[in-house]
Amino acid sequence: MKNAIFWILAFIITISAAIYQRRTGPTHPAGMSITLNNEDYKFRLTRSHTITRDFFVSLKNAPEDLAGSVIYRRYPTEDKWTKVPLFRDKDDLKAQLPLQPPAGKIEYYLMLEFNGEIIPVTRENPVILRFKDDVPAVYLIPHILLMFLAMMFSSYTGLLAAFNERRFRKFALWTLILLVVGGMIFGPIIQKFAFGDFWTGWPFGKDLTDNKTLIAVIFWGIAAVLNLRKERRWIVIAAAIVLLAVYSIPHSTMGSELDYETGKVKTGMINLVK
């Protein structure tokens, strides 16, 4: 019974951390809301796009009298702003923006019009959209699955150690294996397909996703090694807390960014709504 409770708690911790990381990340669509005729109209603005298909800013189920334009420029540059009118596609309003190379970014905002009223949307804080190349599912799915399992095994192992269940030593090794394969093998493969580099963390760059994975692997590596011959619960608990903290950091923060002047991809840039 206790074992089942530990697994349930580990799953809840993992799914909660994953949802939090996804919803707070800089690639998650930005939720917007404007008031039209005393009613709230809600829509989302995209902040991540794969370059294998055209990109459209899309306002789903837009009111019939709503119109306007999208104003954009490459980010971060001092380019002149370009205005693209929204067009109606059945119930939606759309505007096509140009694709950028992998890690290239566009900042954009909306100028909407409704019954003669001009409504600026994110004009003071434009939405930043980052482009990426396509990642084959054969690599992406195992990466996601293994990282999810690594977090769940980490939480389960931490609970075992906290309640002095001796099995935690075996599960510490499994946690390390899952983390290494998912984060240090499949992770760089994903990075290579999406942005052109296998590794952009320390010592080559400041990519926070790579660096936080490295920190988690180091802590779990130490925890697994120190528990090979003797029980040391405290380091396992510490490693589980570290991985939970790592999962709480929004995904893709301080990720790859194309420098339009040099044509090179930089890391350590915070890809957030400004």
Side-chain angles (χ1 to χ4, degrees), residues 18-134 194-195 250-261 263 265-266 269-274:
I19 292 172
Y20 173 81
Q21 183 189 70
R22 172 63 179 166
R23 290 186 175 180
T24 58
T27 60
H28 188 67
M32 301 292 162
S33 178
I34 58 176
T35 302
L36 306 173
N37 283 342
N38 297 318
E39 293 185 3
D40 289 337
Y41 169 58
K42 297 180 180 180
F43 56 95
R44 292 185 174 188
L45 296 178
T46 304
R47 295 194 287 179
S48 179
H49 184 74
T50 302
I51 63 174
T52 52
R53 62 184 187 276
D54 292 336
F55 174 72
F56 293 87
V57 175
S58 182
L59 279 59
K60 302 292 186 182
N61 299 313
E64 187 173 338
D65 295 328
L66 187 64
S69 301
V70 177
I71 296 89
Y72 77 92
R73 68 180 177 184
R74 297 183 304 173
Y75 176 88
T77 70
E78 295 299 324
D79 292 354
K80 292 183 178 180
W81 292 94
T82 299
K83 185 177 182 179
V84 180
L86 288 160
F87 65 89
R88 186 161 290 275
D89 180 13
K90 297 181 180 179
D91 294 330
D92 304 335
L93 282 177
K94 294 183 177 181
Q96 185 173 2
L97 301 187
L99 298 176
Q100 302 297 304
K105 296 179 183 178
I106 281 178
E107 58 179 334
Y108 69 95
Y109 65 92
L110 279 62
M111 293 296 289
L112 301 179
E113 183 177 353
F114 185 77
N115 291 339
E117 179 186 1
I118 301 299
I119 307 170
V121 179
T122 71
R123 180 172 59 182
E124 301 301 322
N125 296 286
V127 171
I128 298 176
L129 165 69
R130 182 172 68 165
F131 293 84
K132 61 182 179 179
D133 210 340
D134 188 44
F195 302 115
H251 195 65
S252 296
T253 302
M254 297 179 66
S256 300
E257 177 180 287
L258 177 65
D259 186 328
Y260 284 101
E261 291 187 3
V265 175
K266 303 184 297 183
M269 303 295 105
I270 300 179
N271 182 27
L272 297 170
V273 175
K274 298 192 300 179

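- Taking CD of Gln100 as the reference point, atom CG of Leu258 lies at 8.0 Å (rounded to 0.5 Å).
- When each of Arg73, Arg123, Arg130, Arg74 is paired with Glu107, the salt bridge (charged side-chain N to carboxylate O under 4.0 Å, His left out) condition holds for Arg73 and for no other.
- Looking at heavy atoms from C-beta onward, Asp92 lies out of side-chain contact with Leu59 at the 4.5 angstrom threshold.
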Checklist entry - Stepwise, does the side-chain contact (heavy atoms from CB on, under 4.5 Å) test hold for Phe87 with Phe56? => result CA-CA 11 Å; Phe87 65 89; Phe56 293 87; 4.1 Å; yes

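- The CZ atom of Phe55 sits 5.5 Å away from the CG atom of Leu97 when rounded to the nearest 0.5 Å.
- When all heavy atoms of Thr50 and Asp133 are compared, the closest pair comes out as CG2-C, 3.9 Å.
- Nearest heavy atoms, Tyr72 versus Tyr108: CB-CB, 3.7 Å.
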Item to check | Test log, rule side-chain contact (heavy atoms from CB on, under 4.5 Å), inputs Leu66 and Leu112 | outcome: CA-CA 7 Å; Leu66 187 64; Leu112 301 179; 4.1 Å; yes

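- Between atom CG of residue Asp54 and atom NZ of residue Lys94 there is a gap of 10.5 Å, rounded to the nearest 0.5 Å.
- Between the side chain of Asp40 and the backbone N or O of Ser33 there is no donor-acceptor pair closer than 3.5 Å.
- Proximity of Phe131 to Pro102: side-chain heavy atoms (C-beta onward) are nowhere separated by under 4.5 Å.
- The closest side-chain heavy-atom distance from Pro63 to Leu36 is below 4.5 Å.
- Minimum interatomic distance between Glu257 and Lys105 (heavy atoms only, all atoms of both residues): OE1-NZ, 2.7 Å.
- Atom NZ of Lys42 and atom CG of Asn61 lie 14.0 Å apart (nearest 0.5 Å).
- The backbone N or O of His28 lies less than 3.5 Å from a partner atom in the side chain of Arg47, making a donor-acceptor pair.
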Item to check | Evaluation steps, side-chain contact (heavy atoms from CB on, under 4.5 Å), between Ile71 and Leu110 | outcome: CA-CA 6 Å; Ile71 296 89; Leu110 279 62; over 6 Å; no

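- Heavy-atom minimum distance, Ser48 versus Thr27: CB-CB, 3.7 Å.
- Not one N or O on the side chain of Asn37 forms a donor-acceptor pair closer than 3.5 Å with the backbone of Glu39.
- Between the CE atom of Met111 and the CG atom of Leu86 there is a distance of 12.0 Å, given to the nearest 0.5 Å.
- A 4.5 Å side-chain heavy-atom check between Pro126 and Trp81 finds at least one atom pair inside the cut-off.
- A pairwise comparison of heavy atoms in Val84 and Ala95 identifies CG1-CB, 4.0 Å as the closest pair.
- Tyr75 has its side chain out of reach of Val127: every pair of non-hydrogen atoms, C-beta onward, lies at least 4.5 Å apart.
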Checklist entry - Given the rule in the side-chain contact (heavy atoms from CB on, under 4.5 Å) test, do Tyr41 and Ile119 qualify, once you have shown the distances and angles that lead to the verdict? => result CA-CA 12 Å; Tyr41 169 58; Ile119 307 170; over 6 Å; no

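- Taking 4.5 Å as the limit, every side-chain heavy atom of Asp91 sits out of range of all side-chain heavy atoms of Glu64.
- Here the closest heavy-atom approach between residue Arg44 and residue Gly31 is recorded as CG-CA, 4.4 Å.
- We find the CD-OG1 distance between Glu117 and Thr35 to be 9.5 Å, quoted to the nearest 0.5 Å.
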